[in-house]
Amino acid sequence: MGKLWIIGVVSAAFTLWSPSLRAQDDGETPFLPKTLRYDEDYRYLADPARRGDPWDPLKYIPLNGAGDVYLSLGGELRERYEHTRNLGFRGKDDVLMNRLLLSADLHVGDAFRSFVQFGVLSQFGRDGGSLATDENRLDFQQAFFDASTGLGPTERATLRVGRQEMTYGSGRFVSIREGPNARRSFDGFRTLYRAGGMDIDAFVTRPVKLLPGTFDDRPDKKQGFWGAYAVARLPAGMNVDVYYFGLDRANAVFAAGIADERRHTLGTRLWGASGAFDYNVEAAFQFGSFGSQTIRAWGVSADLGVTFATLPFKPRLGLKANAESGDGNPNDRRLGTLNPLFPNHAYFSEAAVGAPMNDIDFQPNLTLQLAQRLSFYVGWDFFWRQSTRDAVYNAALLPIPGTAQNNSRYIGDLITTHLRWRVDRHLELNLDYTHFFAGGALRKAGRGDIDFAMMSVAYRF
């Protein structure tokens with residue numbers, strides 16, 4: 001815990017000490033690190049007048065006279081402390097997780113690029129030993145090569161080969177999994193088409209299997225993942241996503257049993273903003289096979305909000321609602337449980353108390369902008385099983401023992417609060433507290449209430 005505070009104090013002191021950094025930190029400049037670090041573009045630093053951040057000498061290192069061959073170095077140090085009580089049967093956990101990521105991004109004109117990111121992960125204090133996402137001595141988080149070509153004034157196509165992070169839409173089916181120590185990555189091929197009003201990605205990959213040693217992570221040969229995702233930008237701030245995902249998985253586990261799974265997901269998402277109103281609505285249908293059974297599953301979600309920009313703290317009143325199908329009859333040779341594939345770890349809250357499977361939930365929430373870079377979020381989420389003949393599933397997408405054997409529909413409700421402070425463009429602090437009140441579906445299976453508290457400090461350059 002001491003290390004966490006030291007990093008925060010030192011980083012904040014550096015921020016206050018650096019006049020040039022504070023002078024240009026308007027919160028909207030290209031200096032801000034992105035969720036996917038390979039999306040950052042530092043070519044603007046070829047203009048000396050636009051340099052002012054202490055890290056600029058590492059963000060743009062020209063390697064030729066024209067400046068179109070350049071190297072960009074980056075990194076992240078994150079310390080995350082978690083206190084958890086009664087998650088599963090683990091009792092109390094007080095865990096400090098350390099994440100160090102270092103990257104090098106080499107551009108050779110507009111045609112070629114190589115991006116490499118190394119990760120070192122460790123944890124201290126977890127009772128019962130490390131989780132699969134806790135530790136990695138040293139390995140490639142990402143390592144890929146791009147070959148690109150222009151197809152027109154606003155069109156560009158890219159072939160990407162290697163290990164890479166991917167996230168699509170709101171992270172409902174594919175995300176980087178930011179909460180745990182290890183972010184998610186995939187090995188394979190990806191094509192990217194970018195035009196003025198449309199983006200199209202297509203990929204054939206395997207998820208990376210994490211191993212705790214040095215340079216021993218490898219593609220998971222028991223899983224194959226492929227698909228395509230398209231985003232169209234329409235007038236009036238509206239956007240439409242259309243996607244297909246395919247998953248081949250050996251020995252998949254559901255309440256209905258264990259078997260090989262081949263699942264196809266078709267979905268669409270409508271999102272954007274109109275004045276004070278913002279919206280994010282999504283629907284998906286799944287089909288395929290699970291052993292000798294057929295798959296027929298579905299999911300819908302909505303995240304709606306209204307922001308009162310003229311009021312103090314610019315409150316946003318929001319409403320989230322989700323429904324994901326469960327298996328209505330374990331004896332009808334049809335699996336009805338939605339598989340969220342590779343979802344956001346904090347889908348419902350940072351506590352990760354469950355998965356978006358066999359679920360109906362409803363969450364009113366409020367976000368306050370306490371200061372320019374300080375926000376507070378509070379929500380109250382209520383959960384029911386979509387089918388009482390299917391299990392409740394945990395964050396690892398596994399059925400919780402005993403939940404399929406009772407007929408209680410109510411899973412429980414949770415109150416979650418989250419404070420986010422972006423001190424400057426490099427330093428970010430997050431505080432979270434969540435309490436989950438277990439309902440009958442879990443209490444009859446021997447589970448109880450859950451307490452979760454989290455503090456994280458991340459410094460990115």
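Numbers here are sequence positions counted from 1. Side chains included, hydrogens not; waters and symmetry mates left out as well; all remaining heavy atoms used.
The closest side-chain heavy-atom distance from Met97 to Asp134 is below 4.5 Å. By the 4.5 Å heavy-atom criterion applied to side chains, Ile411 and Leu442 are counted as neighbours. Glu40 places none of its side-chain heavy atoms less than 4.5 Å from the side chain of Ser72. Taking the side chain as every heavy atom from C-beta outward, Arg113 and Arg160 approach each other to under 4.5 Å. Here the side chains of Leu270 and Thr268 are not in contact, with every heavy-atom distance at 4.5 Å or above. Side-chain contact between Glu165 and Phe144 is absent, with no heavy-atom pair separated by less than 4.5 Å. At least one side-chain heavy atom of Arg389 sits less than 4.5 Å from a side-chain heavy atom of Asn331. At a threshold of 4.5 Å between non-hydrogen side-chain atoms, the residues Arg172 and Ser301 count as touching.
When atom types are taken as modelled, the side chain of Ser114 and the backbone of Leu106 share no donor-acceptor pair closer than 3.5 angstrom. Using a distance-only test at 3.5 Å, with no hydrogens or angles considered, a donor-acceptor pair links the side chain of Asp139 to the main chain of Asp217. In terms of modelled atom types and a separation under 3.5 Å, the side chain of Arg184 and the main chain of Ser175 share a donor-acceptor contact. Judged purely by atom type and a 3.5 angstrom limit, Asn394 has no side-chain atom pairing as donor or acceptor with the backbone of Ile400. Remark: the backbone N or O of Leu192 is not paired with any side-chain donor or acceptor of Asp201 at under 3.5 angstrom. Side chain of Asp260 to main chain of Asn251: a donor-acceptor pair is present (N/O by atom type, distance under 3.5 Å, no hydrogens or angles). Judged by distance alone, the side chain of Asp93 and the main-chain N or O of Asp127 form a donor-acceptor pair under 3.5 Å. The main-chain N or O of Ala182 is found under 3.5 Å from a side-chain atom of Arg177 such that the two form a donor-acceptor pair. Under the 3.5 Å distance criterion, the side-chain polar atoms of Gln164 are matched with a main-chain donor or acceptor of Gly162. Between the side chain of Asn181 and the backbone N or O of Asn98, at least one donor-acceptor pair lies under 3.5 Å.
Enclosure of atom CZ in Phe189 is not indicated, since only 12 or fewer non-hydrogen atoms of other residues, nucleotides or ligands lie within 6.0 angstrom. The environment of CZ in Arg156 is crowded: more than 12 heavy-atom neighbours from other residues, nucleotides or ligands sit within 6.0 Å. Counted within 6.0 Å of NZ on Lys444, heavy atoms from surrounding residues, nucleotides or ligands total more than 12; the atom is thus considered enclosed. For Trp421, the CH2 atom counts as loosely surrounded, since its 6.0 Å shell holds 12 or fewer non-hydrogen atoms of other residues, nucleotides or ligands. The neighbour count for Arg296 CZ, taken as heavy atoms of other residues, nucleotides or ligands under 6.0 Å away, is above 12.
With no hydrogens or angles considered, a side-chain donor-acceptor pair links Asn339 and Glu261 at under 3.5 Å. Checked by atom type, the side-chain pair Asn322/Tyr347 shows a donor-acceptor distance below 3.5 Å. For the 3.5 Å distance criterion, the side chains of Asn365 and Thr367 fail to qualify, holding no donor opposite an acceptor. Side chains of Gln123 and Ser130: a donor-acceptor N/O pair is present below 3.5 angstrom, by distance only. Side-chain polar atoms of Gln141 and Gln117 form no donor-acceptor pair below 3.5 angstrom. When only modelled atom types and interatomic distance are considered, Arg443 and Asn406 share no side-chain donor-acceptor pair under 3.5 Å. There is a side-chain donor-acceptor pair under 3.5 Å between Glu428 and Asn430.
Just one residue in the list Gln386, Gln286, Met357 forms a side-chain contact (heavy atoms from CB on, under 4.5 Å) with Ser325, and that residue is Gln386. The ring-ring contact (aromatic ring centres under 6.0 Å, His included) test with Tyr168 is passed by exactly one of Phe342, Tyr243, Tyr229, Tyr244: Tyr229. Just one residue in the list Phe348, Tyr410, Tyr393 forms a ring-ring contact (aromatic ring centres under 6.0 Å, His included) with Phe383, and that residue is Phe348.
Within the structure, every pair that satisfies the salt bridge (Lys or Arg N to Asp or Glu O under 4.0 Å) test and touches residues 230-241, not counting sequence neighbours, is listed here: Asp199-Arg233, Asp241-Arg269.
Atom CZ of Phe186 and atom CD of Gln142 lie 11.5 Å apart (nearest 0.5 Å). In this structure, OH on Tyr60 lies 10.5 Å from NE2 on His107, to the nearest 0.5 angstrom. Separation of atoms OH (Tyr377) and OG1 (Thr417) is listed at 11.0 Å; rounding is to 0.5 Å. Separating the CG atom in Asn239 from the CG atom in Leu234 is a distance of 7.0 Å, to the nearest 0.5 Å. Interatomic distance, CG of Leu338 versus OG1 of Thr265, reported as 7.0 Å (0.5 Å rounding). Of the inter-residue distances, the one linking Trp384 atom CH2 with Asp413 atom CG reads 8.5 Å to the nearest 0.5 angstrom.
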Trace of the salt bridge (Lys or Arg N to Asp or Glu O under 4.0 Å) decision for Arg80 with Glu178: CA-CA 11 Å; Arg80 179 175 167 118; Glu178 175 62 19; over 6 Å; no
Check the pair Phe452, Tyr433 against ring-ring contact (aromatic ring centres under 6.0 Å, His included), reporting the backbone distance first and the verdict last. CA-CA 6 Å; Phe452 173 85; Tyr433 175 73; 8.5 Å; no
Run the numbers on Asp68 and Asp110 for side chain to side chain contact (heavy atoms under 4.5 Å, CB included), then give the verdict. CA-CA 8 Å; Asp68 60 346; Asp110 292 329; over 6 Å; no
Set out, in order, the CA-CA distance, both residues' side-chain angles and the distance that settles side chain to side chain donor-acceptor pair (under 3.5 Å) for Ser103 and Asp105, then state yes or no. CA-CA 7 Å; Ser103 61; Asp105 190 3; over 6 Å; no
Evaluate salt bridge (Lys or Arg N to Asp or Glu O under 4.0 Å) for Arg334 paired with Asp332, printing each intermediate quantity in order. CA-CA 5 Å; Arg334 176 180 293 182; Asp332 66 356; 5.4 Å; no
What verdict does the salt bridge (Lys or Arg N to Asp or Glu O under 4.0 Å) test give for Asp303 and Arg316, after you've listed the backbone C-alpha separation in whole Å, the side-chain angles of each residue and the deciding distance to 0.1 Å? CA-CA 12 Å; Asp303 184 357; Arg316 177 189 181 273; 3.4 Å; yes
Candidate pair Asp220 and Arg206, rule salt bridge (Lys or Arg N to Asp or Glu O under 4.0 Å), full reasoning: CA-CA 6 Å; Asp220 187 349; Arg206 292 187 185 275; over 6 Å; no
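The nearest pair of heavy atoms linking Asn358 to Gly326 is OD1-CA, 3.3 Å.
Classification of the Tyr38-Phe115 ring pair by plane angle, with boundaries at 30° and 60°, yields perpendicular. Taking the six-membered ring for Trp and thresholds of 30 and 60 degrees, Phe245 and Phe173 have ring planes inclined between 30 and 60 degrees apart.
Taking the six-membered ring wherever Trp is involved, the centroid distance between the rings of Phe225 and Phe203 falls below 6.0 Å. A ring-centre distance under 6.0 Å is not found for Phe362 and Phe382. Checked against the 6.0 Å centroid criterion, the rings of Phe437 and His435 qualify as a close aromatic pair. Checked against the 6.0 Å centroid criterion, the rings of Tyr42 and Tyr70 do not qualify as a close aromatic pair.
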